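Notes follow once the structure below has been shown.
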Amino acid sequence: MRLIALALAFLALPAQAQFNLNINRMIDSVKNVGKATQEIDQKQEIEIGQDMAARLLGAAPLVDNPRLQRYVNDVGRWLASQTERPDLPWRFGVLDAPQLNAFAVPGGTIFLTRGLVAGMKSEAELAGVLAHEIAHVVKKHHLKAIQKNAQASLAGDALTLALNRSSSDSRDKLIAFGTEMYSRGLDKSDELDADRLGVVLAARGGYDAYGLPAVLQTLQAMNPEDSSLALMFKTHPAPGERLEALGEKMQPTLDAHAGQPQLAERFKQFLTAK
Ligand SMILES: [Zn+2]
């Protein structure tokens with residue numbers, strides 16, 4: 001608890017200022033990935049990720065609430081600082097979109113949607129979701145999928161969408177395209193792997209380890225036909241399956257860290273106030 005507070009004090013940085021829109025460079029990066037046969041190094045990973053992040057921000061801007069953005073960055077950086085890739089330029093953003101989704105961009109950029117955050121009840125739940133996405137970056141799940149699947153046609157589609165991003169319809173497609181691009185190649189095993197590592201990271205960060213399972217239960221309780229869940233359900237295994245897998249493999253870890261802080265009140269303060 002004290003460590004969390006300490007981290008929050010030190011890591012306060014303006015989140016909104018950290019993103020940099022550079023569509024052309026993103027397209028070049030994607031083209032280069034398509035042609036590349038060699039390993040993507042960390043510098044390239046970070047550059048590709050930053051440009052993808054910029055692209056996604058062109059589709060759905062950050063929620064105009066600097067205090068909330070700083071809070072989510074503080075929690076995310078605290079968790080990321082304890083991984084095996086603490087030195088990545090980690091940044092976290094809440095996108096102004098009503099759908100429920102979260103996704104990780106290579107190099108350490110992670111987005112949650114306003115809709116997902118609004119359904120959370122505590123900082124432990126936020127930490128659980130952030131830790132799942134951090135796990136994807138730490139394990140380079142999306143980067144490996146991009147490297148495996150990138151094709152020349154990707155650049156053309158990306159360009160068309162980028163050019164048409166002013167209409168709301170293309171904005172929706174842009175979000176879908178961006179998310180699919182890194183999620184299409186992810187195996188179910190990568191998702192379940194991120195759940196397991198996410199539970200470990202949240203517990204390591206001092207949170208009640210049941211934060212991620214609690215969010216999965218919230219999702220499970222919703223109507224699966226709800227259109228705001230369509231993308232989440234397309235890109236992740238069903239919540240029930242994820243809960244079952246966590247129960248099978250992680251029950252001792254969950255129970256050992258079930259008594260750690262949830263910080264529901266602190267979360268609600270940041271969620272409501274500007
Ligand atoms: Zn995932």
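Nothing here was measured: the structure is a model prediction, and the numbers come from that model. Indexing begins at 1, ligand by ligand and atom by atom, following the structure's order. We use all heavy atoms of the structure for the numbers below, so side chains are in, but hydrogens, waters and symmetry mates are not.
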(message) Before moving on, can you tell me the angle at the Zn ion (ligand 1) between the NE2 atom of H136 and the NE2 atom of H236, to the nearest 10 degrees?
(response) 160°
(request) State whether F270 and R67 meet the cation-pi test: NZ (Lys) or CZ (Arg) under 6.0 Å from the six-membered ring centroid, and within 45° of the perpendicular axis. (result) yes
(message) Using side-chain hydrogen bond (donor to acceptor under 3.5 Å, both in side chains), reason through H141 and E191 one step at a time and then give a plain yes or no.
(response) CA-CA 9 Å; H141 288 156; E191 290 299 344; over 6 Å; no
(message) Strictly distance-based, threshold 3.5 Å: is any side-chain N or O of E133 a donor or acceptor partner for the main-chain N or O of V129?
(response) no
(message) Using a distance threshold of 2.8 Å, state whether an N, O or S atom of E191 lies below it from the Zn ion (ligand 1).
(response) yes
(request) Measure the spacing between CD1 of I110 and CZ of R91 and express it to the nearest 0.5 Å. (result) 11.0 Å
(message) Suppose we only count N/O/S atoms under 2.8 Å; would H141 qualify as near the Zn ion (ligand 1)?
(response) no
